[in-house]
Amino acid sequence: MDKMKLVPKKWRPFCMNKRGIPLTKGYDKEFDRGYKAKSREWQAAQSVQRYDYQIKSDIEREQGLAVRTREREQEINRIFSEAKYPFEKPGIIVDPYGMTPLCAYVLFYTKEKCRVRFHVQGKTPDAAITSLVRQPCNWHRVPVYGLYPDMENIVSLELLDEQDKVTAESEIRIRTEPLTKYVEDAVRVEKKTARSSMKMILVAGKSTSYPIAFDEYGDIRYIMKYRPRGYGLFELANGRFIMMERQTLIPTYLLPHSTQMYEIDYFGRVHRTYYVPNGVHHDVCEMTPGGNLLVASNSQCGHVEDCIAEVNRQTGKIEKFLDLRDVLYTAYRDRTNWIHINSLEYEPETKNVIFSARNLHSVFSINWKTNQLNWILGETRFWRRTPWLFKTLKTPENMPWHFQQHSVKLIREDLDGKADTKHLIMFDNHWNLRRKTPAYDNDERSFVTIYTIDEKKKRAKIEKRFGGIKSKITSNGVYKHAERRLFYMAGYLAYPDEHEDRGGVISEFDYDTEKELNRYSLKYYFFRAFEMKPDVDGLAAGGDLSAEPCVGSLRPFQRMPECMKVPAEKIEEAPLACQEERVRLRIEDGNLWVKSRDHLVGQVFLVGTDRCYVKDFRDPEQQQELAAEMEYYLSIPLNTIEKGKYTVVVEFKGRQYDTGKFIRVC
């Protein structure tokens with residue numbers, strides 16, 4: 001481990017001592033006090049007393065996605081067990097969970113245990129989809145995907161014995177409904193010179209409201225009829241995703257962020273809901289397959305998008321919360337969104353976290369156990385006037401640099417045969433807006449760049465660099481090692497009017513010759529794109545009905561001292577005033593949801609006869625009106641409220657209104 005080197009005085013313009021430690025005083029001192037106070041509040045929120053409770057209320061109630069999934073799972077199990085469909089005439093449930101209309105379960109029973117292979121006939125032979133359920137069983141729930149919309153799909157089924165010999169065959173037809181006009185002209189094949197190495201490509205996020213997947217001929221073969229937050233879906237090792245909720249958010253100084261996220265699979269089954277108190281944005285990654293989750297979060301103390309949290313996969317508890325001010329101190333901490341974390345990667349073997357900081361034009365490696373900064377992959381002159389110049393990796397002279405990059409991910413395969421090197425792939429948007437730097441070269445292209453990094457020698461070099469159409473934000477690159485292909489996923493075209501108002505472009509390159517083989521244009525912007533690779537065995541298995549559907553904790557109501565009860569004379573008895581201003585109330589999974597436009601609801605009160613609770617949303621205050629017209633729900637848990645009947649009072653635009661609704665905790 002490197003010791004902290006002494007920092008020359010000329011490199012210390014940010015009130016640091018000679019060892020790079022900030023000499024906080026004045027505003028910074030108060031600022032850090034506020035951060036520590038908020039940290040204590042967040043820690044307390046996880047350990048607050050919670051009660052076994054029942055809720056009675058005249059507020060509209062809904063079940064969350066995870067709870068609804070379990071009820072539907074039980075219904076499918078009941079249908080399956082009662083009907084006992086034979087292989088010759090199986091049961092077919094199209095869109096089994098109401099979210100994936102181009103998927104279906106095929107249900108049947110066989111006397112002998114066997115495996116099942118299915119084959120969805122394509123419009124052309126090479127567009128067919130074949131997959132195998134590997135786990136032998138008697139009760140078969142075959143997850144058929146890749147159906148075409150608005151047609152009768154021909155699906156072949158084969159039973160296989162232990163020696164993979166086909167023992168029986170049948171053919172069924174699955175009729176699907178037409179999709180909405182949303183997908184019309186969603187994908188165009190602009191160039192096709194070779195078979196694609198991806199059977200289907202899934203795009204999600206931004207203006208691609210509903211995640212879709214298309215085959216190499218541009219046909220839509222998958223859609224999820226649920227709109228996630230604009231960051232789309234994040235792949236997990238078990239063929240599932242993390243998806244951020246777009247309706248329940250937390251206000252920040254700038255844009256609001258999701259306070260809950262779902263673990264969901266390709267059939268739309270929500271296996272678990274996670275609550276994240278400080279909000280989550282941009283990226284989620286697994287630390288190990290099936291292990292804890294790293295999420296990009298917020299300090300909510302003067303800054304946003306500057307923290308990393310570790311979420312326990314089973315309990316939802318925040319195991320660790322790292323504020324990047326504790327790593328970089330005050331270097332470039334000169335604006336609210338000073339760092340803008342937009343991707344995360346974890347190395348289990350080294351316990352290092354690699355993250356992309358868009359607004360610092362750099363990639364960082366830190367040790368998750370010690371918080372030590374290992375290295376910075378960024379333009380040297382950018383870091384010259386900071387204490388961290390000695391952490392920048394050495395690079396070849398005149399090597400081109402990245403600017404406002406996205407989606408920095410590890411390539412797990414060995415590209416150079418050297419044990420001491422690792423490889424990163426990034427989408428270099430090559431944009432110079434958020435924090436302009438003199439090093440910017442004004443190149444009109446964006447790039448997918450592959451770096452080779454030697455951590456022992458503290459060196460980095462570009463292994464490959466694929467230039468393409470300019471994409472100013474979002475976007476990602478995908479490397480397929482076995483097929484020697486590189487995908488350039490340009491998710492947000494900088495000049496759409498020059499490309500028939502298309503939102504994104506996906507290009508497939510031959511990795512060795514760097515020749516573009518195939519190109520698709522997308523109607524909508526997207527956050528990321530990747531290969532659709534369902535875990536067929538996981539989809540064929542029933543959901544775990546015993547696991548807790550909702551885990552983690554949000555910041556709860558606080559009981560008000562006797563001297564601070566809400567005076568009755570200050571409450572305006574005008575419930576319609578809230579409704580006219582589009583304030584809405586809802587209860588979901590034991591949480592009170594209060595909907596309004598950004599930063600208009602300051603406080604929410606539960607007023608009882610002898611006690612009163614409050615949840616304060618006035619801090620952080622709104623710095624910019626970026627989300628002024630956004631409507632979303634503030635979510636507050638009710639499981640810390642003592643038994644009794646309470647009136648819901650909302651402070652709206654500084655005035656307190658009786659909503660006319662009650663909550664009784666029993």
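What you see is a predicted model, and the numbers here were worked out from it, not measured in a lab. Hydrogens, waters and symmetry mates are skipped; everything else that's a heavy atom, side chains included, is used. The first residue of the sequence shown is numbered 1, and numbering continues consecutively from there.
Here the CG-OG1 distance, from N298 to T336, works out to 11.5 Å after rounding to the nearest 0.5 Å. For the atom pair L293 CG and N312 CG, the distance stands at 9.0 Å (nearest 0.5 Å). Put simply, CG on L415 and CD1 on I425 are 9.5 Å apart, with the number rounded to the nearest 0.5 Å. Atom CG of L254 and atom CG of L626 lie 6.0 Å apart (nearest 0.5 Å). Separating the CZ atom in F355 from the CG atom in L322 is a distance of 8.0 Å, to the nearest 0.5 Å. Y222 contributes atom OH, which lies 6.5 Å from atom CG of L202 (distance to the nearest 0.5 angstrom).
Side-chain contact, E305 with H340: a donor N or O sits under 3.5 Å from an acceptor N or O. For the 3.5 Å distance criterion, the side chains of R528 and S407 qualify, holding a donor opposite an acceptor. Using modelled atom types and a 3.5 Å distance limit, the side chains of E245 and Y262 yield a donor-acceptor pair. When only modelled atom types and interatomic distance are considered, E190 and S521 share a side-chain donor-acceptor pair under 3.5 Å. With hydrogens and angles left out, the side-chain atoms of S196 and N518 include no donor and acceptor closer than 3.5 Å.
Between R485 and E508 there is a salt bridge, since a side-chain N of the basic residue sits under 4.0 Å from a carboxylate O of the acidic one. With respect to the salt-bridge test (charged N to carboxylate O, under 4.0 angstrom), the residues D265 and R240 do not qualify. Under 4.0 Å is where a charged nitrogen must lie from a carboxylate oxygen, and between R465 and E514 no such pair does. At a threshold of 4.0 Å, the pair D454-R459 does not count as salt-bridged, since none of the basic side-chain nitrogens sits closer than that to a carboxylate oxygen. E455 and K422 are joined by a salt bridge, as a carboxylate oxygen and a charged side-chain nitrogen come within less than 4.0 angstrom of each other. With respect to the salt-bridge test (charged N to carboxylate O, under 4.0 angstrom), the residues D323 and R325 qualify.
Counted within 6.0 Å of CD on E349, heavy atoms from surrounding residues, nucleotides or ligands total more than 12; the atom is thus considered enclosed. A 6.0 Å sphere centred on CZ of R434 holds no more than 12 heavy atoms belonging to other residues, nucleotides or ligands. Counting non-hydrogen atoms of neighbouring residues, nucleotides and ligands closer than 6.0 angstrom, the NZ atom of K394 reaches no more than 12 such neighbours.
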Pair F487-F509, ring pair (Phe, Tyr, Trp, His ring centres under 6.0 Å): steps then yes or no: CA-CA 6 Å; F487 284 83; F509 291 90; 9.2 Å; no
Intermediate values then yes/no, salt bridge (Lys or Arg N to Asp or Glu O under 4.0 Å), D420 and K418: CA-CA 6 Å; D420 294 334; K418 297 179 181 178; over 6 Å; no
D428 and T449: CA distance, side-chain angles, deciding distance, side-chain hydrogen bond (donor to acceptor under 3.5 Å, both in side chains) verdict: CA-CA 7 Å; D428 170 17; T449 306; 4.7 Å; no
CA sep, side-chain torsions, deciding dist, call: E516, R519, salt bridge (Lys or Arg N to Asp or Glu O under 4.0 Å): CA-CA 8 Å; E516 186 186 47; R519 183 171 64 250; 2.4 Å; yes
Full working for salt bridge (Lys or Arg N to Asp or Glu O under 4.0 Å) between E379 and R381: CA-CA 6 Å; E379 202 266 332; R381 287 171 295 174; 2.5 Å; yes
Audit row: N367, N374, side-chain hydrogen bond (donor to acceptor under 3.5 Å, both in side chains) steps and yes/no: CA-CA 7 Å; N367 185 278; N374 298 320; 5.4 Å; no
CA sep, side-chain torsions, deciding dist, call: D512, R484, salt bridge (Lys or Arg N to Asp or Glu O under 4.0 Å): CA-CA 7 Å; D512 298 307; R484 306 294 288 178; 2.7 Å; yes
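The only option from T248, D598, T259 that meets the side-chain hydrogen bond (donor to acceptor under 3.5 Å, both in side chains) definition with Y632 turns out to be D598. With F403 as the fixed residue, the ring-ring contact (aromatic ring centres under 6.0 Å, His included) test singles out one of W431, F447, F427, Y440: Y440. No option in K409, R358, R229 other than K409 meets the salt bridge (charged side-chain N to carboxylate O under 4.0 Å, His left out) test with D283. Considering W388, W338, F382 in turn, F382 is the only one that fulfils the ring-ring contact (aromatic ring centres under 6.0 Å, His included) rule with Y332.
Classification of the H406-H282 ring pair by plane angle, with boundaries at 30° and 60°, yields tilted. Aromatic ring pairs are classed by plane angle as parallel below 30°, tilted from 30° to 60° and perpendicular above 60°; the pair F234 and F527 is perpendicular.
Across A331 and T386, no two heavy atoms sit closer than the pair CB-CB, 4.2 Å. Taking all atoms of both residues into account, the shortest heavy-atom contact from N429 to S475 is ND2-OG, 4.0 Å. For the pair P211 and P228, the tightest heavy-atom approach, listed with the atom from each and the gap, is CD-CD, 4.0 Å. Contact between Y488 and V448 at its shortest, heavy atoms only, is CD1-CG2, 3.4 Å. Taking both residues in full, the closest heavy atoms of V478 and M489 are given as CG2-CE, 4.1 Å, listed atom of the first, atom of the second, then distance. Scanning all heavy atoms of the two residues, the minimum distance from N238 to D535 falls at O-OD2, 3.3 Å.
Checked by atom type and distance alone, the side chain of N371 never pairs as donor or acceptor with a backbone atom of D326 at under 3.5 Å.
Y492 places none of its side-chain heavy atoms less than 4.5 Å from the side chain of S446. Between S356 and E345 there is no side-chain heavy-atom pair separated by less than 4.5 Å. The closest side-chain heavy-atom distance from H257 to T252 is below 4.5 Å. Counting heavy atoms from C-beta on, the side chains of L360 and R435 come closer than 4.5 Å. Contact annotation: the side chain of V295 approaches that of M261 to within less than 4.5 Å [non-hydrogen atoms, C-beta and beyond]. Proximity of H402 to M426: side-chain heavy atoms (C-beta onward) are separated by under 4.5 Å at one or more points. In this structure, the side chains of I318 and P277 come closer than 4.5 Å at one or more pairs of heavy atoms. With a 4.5 Å cut-off on side-chain heavy atoms, Y495 and E444 count as touching.
Within the structure, every pair that satisfies the side chain to side chain donor-acceptor pair (under 3.5 Å) test and touches residues 284-294, not counting sequence neighbours, is listed here: E286-R313, N292-E310. Sorted by first and then second residue, the ring-ring contact (aromatic ring centres under 6.0 Å, His included) pairs with a member in residues 467-486 read Y479-H481, Y479-Y511; sequence neighbours excluded.
With sequence neighbours left out, R188 forms a salt bridge (Lys or Arg N to Asp or Glu O under 4.0 Å) with D185, E500.
Figure legend: cation-pi geometry between R227 and Y210 absent, as NZ or CZ is not positioned both under 6.0 Å from the six-membered ring centre and within 45° of its axis. In this structure, K391 forms no cation-pi arrangement with W383, as its terminal cationic atom is not both closer than 6.0 Å to the ring centre and no more than 45° off the ring axis.
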